[in-house]
Colleague: 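Pasting in a structure now, in structure tokens, and then I'll have a few things to ask.
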Amino acid sequence: MLPELLQGTDTGGFLIIQDSVSYSGRHLLRSFINAALNREEAVHVLGFEVSEEELKDGLKGSPIQRLHFHNAYTDPLGWTDHPAFTVHQFCLEELTHLIKQTSQHKPATLVIDSISWILRHRSSPDVCKTLQQLKKGGAVRAIIGLLHTDMHQQGTVGSVCHLATSVITVTPGMKGDEAVAKTTKRSKSGKVTQDEVIFCIKEDLTVMVQIKPSHLGPKQTDLEEQETDPTANLTFNLRLSDTERKAKEKLALPFVFSKEKKTALLHSGPGSGRILYEPDANDDYDQEDPDDDLDV
């Protein structure tokens, strides 16, 4: 599933790369930028966390003439007189004007580095509203955003990811150059597919999928279950033999009424007892009006 997302066949999609302090998703973000540039797409980057020089230095060998970097790194809050791009400009009107001003007639790919920086200075409802409008506005072909999950509450992360058509969660792998990508993709019909792969990123920013750990996990578990018998070393027997099972089936339980017991209880035979009640004068029993003592 990860190679399919890198090919960019999902037009109008919204992809989120989730990372944490244990593993940065910016390397994979650069791979998506490189793949879009190689498809001859215009790419607009809202850079809040890295400078333009650092971003382009990681894209050596890529056709960066179609890369448009909007500098929100030097003055993201607009403290100077003439800021290039600020967090307050993150709205549909400003972004649409910015993209159409520098792009050709063909819709471009918008990369947000990162959504976490915007969420730290804007409310999550405003951010989600702008992202939803960008998805349906038509000015961008696709949206790719980096989200640091350990910087926000779980509800905020869930709200943003609910808008995404694909979510890739990256975690460190067993080796130094490996990482694990857990991908969740939602189709337009509502179907949800998940995949998990181990990948590494080469120097030219191409992603090499090495192995799918989900293919090996269940087989190892089955072997462990077959080898381990929890009833092997017990001091008592949990299973019944054929003789014990037959004796159990013949046993009459005290709360189960047989036909003979039902007949004996419902039809009194000779010698059975009866209860006779003779009211005396203190009972104050009136046959004509039993409720005469009630004030009704």
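Residues take their numbers from the sequence shown, with the count starting at 1.
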Colleague: What heavy-atom pair brings Leu15 and Val167 nearest, and what distance separates the two atoms?
Modeller: CD1-N, 4.5 Å
Colleague: Considering all heavy atoms of both residues, which atom of Ala181 and which atom of Ile168 are nearest to each other, and what is their separation?
Modeller: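 So the two residues come closest at CB-CG2, 4.0 Å.
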Colleague: Provide the closest heavy-atom pair for Pro3 versus Val209 in the form atom of the first, atom of the second, distance.
Modeller: CG-CG2, 3.8 Å
Colleague: Between Thr193 and Lys191, does a side-chain contact (heavy atoms from CB on, under 4.5 Å) hold up when you go through it step by step?
Modeller: CA-CA 7 Å; Thr193 55; Lys191 181 181 179 181; 3.9 Å; yes
Colleague: In this structure, which one of Val43, Thr109, Ile144, Leu205 forms a side chain to side chain contact (heavy atoms under 4.5 Å, CB included) with Ile33?
Modeller: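 Only one option passes, and that is Val43.
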Colleague: Rounded at 0.5 Å granularity, tell me how far OG1 in Thr169 sits from CD1 in Ile17.
Modeller: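 Between Thr169 OG1 and Ile17 CD1, I get 10.5 Å after rounding to 0.5 Å.
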Colleague: Check this for me: does any side-chain nitrogen of one of Arg245 and Asp242 sit under 4.0 Å from a carboxylate oxygen of the other?
Modeller: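 Looking at Arg245 and Asp242, the cut-off is met.
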Colleague: Cluster question for you: counting only ILVMFWY and a side-chain heavy-atom cut-off of under 4.5 Å, with indirect links fine, are Ile198 and Met208 together?
Modeller: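 No, no single cluster joins them.
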Colleague: Please give me the minimum heavy-atom distance between Phe69 and Val50, naming the atom from each residue.
Modeller: CZ-O, 3.5 Å
Colleague: Kindly compute the distance separating NE2 (His148) from CG (Leu119), expressed to the nearest 0.5 Å.
Modeller: 10.5 Å
Colleague: Any side-chain donor paired with an acceptor under 3.5 Å for Thr149 and Gln18?
Modeller: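 There is no such pair (donor and acceptor under 3.5 Å, judged by atom type) between the side chains of Thr149 and Gln18.
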Colleague: Indicate whether any N or O donor in one side chain lies under 3.5 Å from an N or O acceptor in the other, for His152 and Ser116.
Modeller: yes
Colleague: Distance only, no hydrogens: is a donor on one side chain within 3.5 Å (strictly under) of an acceptor on the other, for Asn34 and Ser31?
Modeller: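 Side chains of Asn34 and Ser31: no pair found under 3.5 Å.
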Colleague: How long is the span from the CG atom in Leu2 to the CG atom in Leu28, to the nearest 0.5 Å?
Modeller: 6.0 Å
Colleague: Report all side-chain donor-acceptor pairs from residues 85-92 shorter than 3.5 Å, counting only partners two or more places apart or in another chain.
Modeller:
{"unit_1": "Thr86", "atom_1": "OG1", "unit_2": "His88", "atom_2": "N", "d": "3.4"}
{"unit_1": "Gln89", "atom_1": "OE1", "unit_2": "Thr86", "atom_2": "N", "d": "3.0"}

Colleague: Can a side-chain donor-acceptor contact be found between Ser20 and Ser22 if the only test is distance below 3.5 angstrom?
Modeller: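 Indeed, the side chains of Ser22 and Ser20 share at least one donor-acceptor pair under 3.5 Å.
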Colleague: Could you go through Ile112 and Leu131, starting from their C-alpha distance and side-chain angles, then the distance that decides it, and tell me whether this counts as side-chain contact (heavy atoms from CB on, under 4.5 Å)?
Modeller: CA-CA 11 Å; Ile112 306 173; Leu131 291 172; 3.9 Å; yes
Colleague: Under 3.5 Å, is there a donor-acceptor pair between the side chain of Glu244 and the main chain of Ser241?
Modeller: yes
Colleague: Shortest non-hydrogen contact from Arg186 to Ala164?
Modeller: NH1-O, 3.1 Å
Colleague: Between Thr130 (side chain only) and Asp126 (backbone N and O only), is there a donor and an acceptor less than 3.5 Å apart?
Modeller: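 Side chain of Thr130 to backbone of Asp126, a donor-acceptor pair under 3.5 Å: yes, one is there.
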Colleague: Which distance, rounded to the nearest 0.5 Å, do you find between the NE2 of His27 and the SG of Cys200?
Modeller: 13.0 Å
Colleague: Is the shortest distance from a Lys or Arg side-chain nitrogen in Glu41 or Arg141 to a carboxylate oxygen in the other one below 4.0 Å?
Modeller: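 Counted as a salt bridge, because a side-chain N and a carboxylate O are separated by less than 4.0 Å.
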Colleague: When you compare the side chains of Thr80 and Asp75, does any donor N or O come within less than 3.5 Å of an acceptor on the partner?
Modeller: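 Indeed, the side chains of Thr80 and Asp75 share at least one donor-acceptor pair under 3.5 Å.
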Colleague: SG of Cys128 to CZ of Arg122: how many Å apart, nearest 0.5 Å?
Modeller: 11.5 Å
Colleague: Counting distance only, does the side-chain N/O of Lys135 pair as donor-acceptor with the main-chain N or O of Leu163 below 3.5 Å?
Modeller: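 Confirmed, Lys135 side chain pairs with Leu163 backbone.
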Colleague: What's the shortest heavy-atom distance between Ser166 and Lys185, and which atoms?
Modeller: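 Result for this residue pair: OG-CG, 3.5 Å.
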Colleague: Please check if the side chain of Asp19 supplies one atom and the backbone of Thr171 the other of a donor-acceptor pair under 3.5 Å.
Modeller: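 Such a contact is absent between Asp19 side chain and Thr171 backbone.
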Colleague: In terms of hydrophobic clusters joined by side-chain contacts under 4.5 Å, are Ile118 and Trp79 together?
Modeller: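 Per the 4.5 Å side-chain linkage, Ile118 and Trp79 are co-clustered.
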Colleague: Tell me whether Lys182 at atom NZ has more than 12 heavy atoms from other residues, nucleotides or ligands lying less than 6.0 Å away.
Modeller: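 Counting other residues, nucleotides and ligands, NZ of Lys182 stays at 12 neighbours or fewer.
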Colleague: Between the side chains of His70 and Glu52, is a donor N or O closer than 3.5 angstrom to an acceptor N or O?
Modeller: no
Colleague: Out of curiosity, Leu95 CG to Leu98 CG, how far, rounded to the nearest 0.5 Å?
Modeller: 7.0 Å
Colleague: Could you check whether the rings of Tyr23 and Phe199 sit parallel, tilted or perpendicular, using 30° and 60° as the cut-offs?
Modeller: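 Taking Phe199 first and then Tyr23, their aromatic rings stand perpendicular (interplane angle over 60°).
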Colleague: Look at the side-chain heavy atoms of Ile, Leu, Val, Met, Phe, Trp and Tyr, link any pair under 4.5 Å apart, and say whether Leu46 and Tyr73 land in one connected group.
Modeller: no
